[in-house]
Visitor: 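Below is a structure I'd like to ask you about.
Note that the numbering runs from 1 along the sequence shown for the chain.
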Amino acid sequence: MKKLSELLPHIGAHTLHGNPDVQLDAITADSRRVAHGSLFVALRGTAVDGHRFVAAAIEAGAAAIVVARDAAIDPAIAAGTTVVAVPDTAEALGLLASAWHDHPSRRLTLVGVTGTNGKTTVATLLYDMARLRGERAGLLSTVVNRIGTRAVPATHTTPDPLELNSLLAQMVDEGCTFAAMEVSSHACAQRRIAGLRFAGGVFTNLTRDHLDYHGTFQAYLEAKRMFFDALPAEAWALVNDDDSHARVLIQNTRARVYGYGLRASATDFRAAVVEERIDGMELRIDGTELHTPFAGRFNASNLLAVYGASRLLGCSKDEALLHLSALHPVAGRFQTFHGGGITAIVDYAHTPDALANVLDTIRQAAGGDADVITVCGCGGDRDHGKRPMMAREAASRSSMLIITSDNPRSEDPAAIAADMLAGLDDDARLATTVELDRARAIEMAITSAEPGGVVLVAGKGHENYQIIGSERRHFDDAEQVKAALSKR
């Protein structure tokens with residue numbers, strides 16, 4: 001319980017109407033969760049404007065409400081209720097959530113990881129590195145949230161501000177000193193990370209994704225840039241010098257900027273792939289060679305980001321390399337299975353660039369003439385423009401492509417498959433099959449693979465569900481792969 005007056009100094013410019021010392025029992029942006037003593041924050045979402053529910057929140061017992069300055073709120077409705085007007089209620093919610101939990105991010109060394117691909121891997125490995133250093137650590141990721149070793153299910157890449165600060169506060173209460181978190185473009189645009197203090201930020205790469213939400217690639221880039229713009233002067237920003245967007249993202253940051261990359265032009269931390277195999281590779285990092293069970297140049301880049309961040313967090317070169325060599329791949333990220341004379345790989349690749357990277361890795365490690373069968377689809381109610389691109393990247397790098405259903409949501413899976421097929425020429429279509437039942441598609445690929453061949457099941461990775469219509473059904477690519485391999 002806190003007084004509103006304890007929170008107001010932390011939200012910046014605002015106008016107050018009513019009693020500043022009203023007692024608050026909770027903060028919520030969901031009018032359905034308002035109870036007596038709640039502070040209700042009216043958010044403007046993409047589909048619904050929370051200002052429409054101010055009257056319902058007051059009727060449910062809200063002690064105070066936060067609204068946008070330009071919102072038309074009937075004075076008669078708000079009479080007798082404390083009202084705080086702010087320029088941006090989404091920003092205010094993040095600041096309020098942080099203050100409500102006594103600013104947990106200030107009591108942790110918090111590192112954020114943003115980019116299109118690699119966020120989960122880099123954030124998870126930073127968490128693993130902290131634990132290898134002997135620290136109690138926390139993780140906020142697409143796959144799972146962790147408070148120490150305790151797993152907390154993840155529902156979003158970056159949770160809403162109230163859940164986010166609650167999780168960070170639990171980390172502090174349970175003795176964590178370090179936390180790594182994925183920072184999504186949605187979280188930046190929706191100001192979910194407002195109020196957090198980051199010790200550092202990592203940029204992995206930027207390719208086409210989430211245009212169904214952002215509209216344009218430029219808007220997507222600008223959302224990512226907001227993260228670096230907000231970093232304090234005492235923080236550091238570690239960016240991928242191999243990506244052409246890196247310097248654009250940090251051009252306005254106050255943080256100390258460092259670069260990493262696999263090219264000679266990388267400014268601070270460099271790596272080279274010495275030898276590559278399907279089950280790992282030899283890397284040279286800052287002049288020292290090490291073996292890792294990770295495969296692919298994209299993972300070499302991810303590992304280098306983890307190494308660079310660890311150095312910036314105070315690790316010596318030798319300590320960072322020792323711990324790096326002890327890391328293992330993240331579930332659903334180039335997860336490898338063997339059986340019946342073939343290799344099957346489950347990977348989260350769901351963008352054209354990520355899919356190309358994974359298939360290039362397979363081709364290089366398995367040999368250019370290897371039989372490679374790819375199973376993939378595209379999500380429904382998402383960016384239509386990347387569907388033909390996904391199919392082209394897969395078909396051009398595979399002996400056989402099986403287009404299947406991903407998470408169709410409210411769309412017809414056959415229509416999604418047709419969008420993908422539109423990206424293929426006549427020759428590519430001859431080597432492409434459509435099987436909308438994902439389980440049958442996986443079994444078909446594994447049954448069809450030649451000895452020594454590789455099957456890639458892409459798009460869902462760690463996810464153990466499939467969303468069909470509004471129903472969320474259990475479905476796990478890894479389980480299906482293992483079952484199919486057992487039948488060979």
Side-chain angles (χ1 to χ4, degrees), residues 94 97-98 101 103-188 192-193 195-204 227 235-236 238 293-294 299 302-310 312-315 320 323-324 326-335 348 461-464:
S98 178
H101 289 283
H103 306 286
S105 65
R106 300 180 187 179
R107 294 176 282 157
L108 291 162
T109 298
L110 178 64
V111 174
V113 183
T114 197
T116 304
N117 303 310
K119 293 190 299 297
T120 299
T121 295
V122 172
T124 302
L125 297 184
L126 283 172
Y127 162 82
D128 290 339
M129 288 283 276
R131 296 186 64 229
L132 288 170
R133 291 194 302 268
E135 292 189 66
R136 190 166 175 81
L139 173 67
L140 297 167
S141 80
T142 303
V143 177
V144 67
N145 300 319
R146 293 194 181 277
I147 300 170
T149 56
R150 178 164 64 89
V152 179
T155 56
H156 294 81
T157 298
T158 309
D160 70 73
L162 296 167
E163 182 185 1
L164 176 53
N165 280 276
S166 174
L167 289 167
L168 292 172
Q170 291 177 61
M171 292 177 193
V172 172
D173 291 343
E174 296 186 27
C176 295
T177 56
F178 174 85
M181 67 175 285
E182 295 185 51
V183 178
S184 68
S185 58
H186 292 72
C188 294
R192 292 185 217 161
I193 56 174
L196 300 189
R197 186 176 73 184
F198 290 91
V202 179
F203 165 67
T204 58
F227 170 59
W236 47 262
L238 178 62
F294 292 80
N299 268 325
N302 290 336
L303 288 167
L304 183 58
V306 173
Y307 170 79
S310 297
L312 294 173
L313 289 166
C315 281
H323 293 159
L324 203 70
L327 298 176
H328 296 279
V330 178
R333 269 63 177 177
F334 212 86
Q335 187 173 2
Y348 189 54
H462 66 282
E463 293 178 354
N464 61 0

Visitor: First locate atom CG of L304, then atom OG1 of T204, and finally report the distance between them rounded to the nearest 0.5 Å.
Guide: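 Here the interatomic distance stands at 12.5 Å.
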Visitor: Pairing donors with acceptors under 3.5 angstrom, does anything connect the side chains of H462 and R333?
Guide: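 The answer is yes; a qualifying pair exists.
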Visitor: What's the separation between atom CG in L168 and atom CG in N145, rounded to the nearest 0.5 Å?
Guide: 9.5 Å
Visitor: side-chain hydrogen bond (donor to acceptor under 3.5 Å, both in side chains) with R197: which residues, sequence neighbours excluded?
Guide: none
Visitor: Could you tell me which non-hydrogen atom of C188 sits nearest to which non-hydrogen atom of V183, and how far apart they are?
Guide: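 Minimum heavy-atom separation between C188 and V183: SG-CG1, 3.6 Å.
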Visitor: Check whether any side-chain heavy atom of L164 lies under 4.5 Å from a side-chain heavy atom of L196, and answer yes or no.
Guide: yes
Visitor: Looking at side-chain heavy atoms only, is the closest gap between M171 and R107 below 4.5 Å?
Guide: no
Visitor: Can you list the residues that meet the ring-ring contact (aromatic ring centres under 6.0 Å, His included) rule with H101, with sequence neighbours excluded?
Guide: none
Visitor: Can you tell if the side chain of T120 reaches within under 4.5 Å of the side chain of Y348, non-hydrogen atoms only?
Guide: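 Counting from C-beta outward, T120 and Y348 never come under 4.5 Å.
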Visitor: Could you pull out the closest heavy-atom pair between L126 and S310, with the gap in Å?
Guide: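 Heavy-atom minimum between the residues: CD2-OG, 4.4 Å.
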Visitor: Sequence neighbours left out, what passes ring-ring contact (aromatic ring centres under 6.0 Å, His included) with H323? Give chain and number order.
Guide: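 H323: no ring-ring contact (aromatic ring centres under 6.0 Å, His included) contacts found.
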Visitor: To check you understand the geometry: which heavy-atom pair defines the closest contact between R133 and C315, and what is its length?
Guide: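 Minimum heavy-atom contact is CD-SG, 3.1 Å.
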Visitor: Ignoring hydrogens and angles, tell me if any N or O in the side chain of E182 forms a donor-acceptor pair with the backbone of T142 under 3.5 Å.
Guide: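 Between the backbone of T142 and the side chain of E182 there is a qualifying donor-acceptor contact (under 3.5 Å).
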Visitor: Quick one: do F294 and N302 satisfy side chain to side chain contact (heavy atoms under 4.5 Å, CB included)? Show the steps, please.
Guide: CA-CA 10 Å; F294 292 80; N302 290 336; over 6 Å; no
Visitor: Could you give me the CA-CA distance, side-chain angles and deciding distance for Y307 and L125, then say whether side chain to side chain contact (heavy atoms under 4.5 Å, CB included) is met?
Guide: CA-CA 10 Å; Y307 170 79; L125 297 184; over 6 Å; no
Visitor: Could you go through F334 and T121, starting from their C-alpha distance and side-chain angles, then the distance that decides it, and tell me whether this counts as side chain to side chain contact (heavy atoms under 4.5 Å, CB included)?
Guide: CA-CA 10 Å; F334 212 86; T121 295; over 6 Å; no
Visitor: So, using ring-ring contact (aromatic ring centres under 6.0 Å, His included) as the criterion, who are the partners of F198 when residues are at least two apart?
Guide: F227
Visitor: First locate atom CD of Q170, then atom CZ of R150, and finally report the distance between them rounded to the nearest 0.5 Å.
Guide: 5.5 Å
Visitor: Please report the closest heavy-atom contact between P159 and L167, naming both atoms and the distance.
Guide: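 Reported closest heavy-atom pair: CG-CD1, 4.2 Å.
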Visitor: Kindly indicate whether the side chain of L139, heavy atoms from C-beta on, has any atom under 4.5 Å from the side chain of T124.
Guide: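 They are in side-chain contact.
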Visitor: Under the side chain to side chain contact (heavy atoms under 4.5 Å, CB included) test, which residues partner A97, sequence neighbours left out?
Guide: P161, L162, N165
Visitor: Could you go step by step and tell me if L108 and V172 meet the side chain to side chain contact (heavy atoms under 4.5 Å, CB included) rule?
Guide: CA-CA 7 Å; L108 291 162; V172 172; 3.7 Å; yes
Visitor: List the atom of G195, the atom of S98, and the distance in Å for their closest heavy-atom pair.
Guide: O-OG, 3.2 Å
Visitor: Would you say F203 and V122 make side-chain contact, with heavy atoms under 4.5 Å?
Guide: no
Visitor: Please report the shortest heavy-atom distance between G138 and C176, naming the atom on each side.
Guide: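 That closest heavy-atom pairing would be N-SG, 4.1 Å.
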Visitor: Taking only residues two or more places apart in sequence or in another chain, which ones pass side chain to side chain contact (heavy atoms under 4.5 Å, CB included) with R131?
Guide: Y127, A137, T149
Visitor: Contact between I147 and D173 at the side-chain level, heavy atoms closer than 4.5 Å - yes or no?
Guide: no
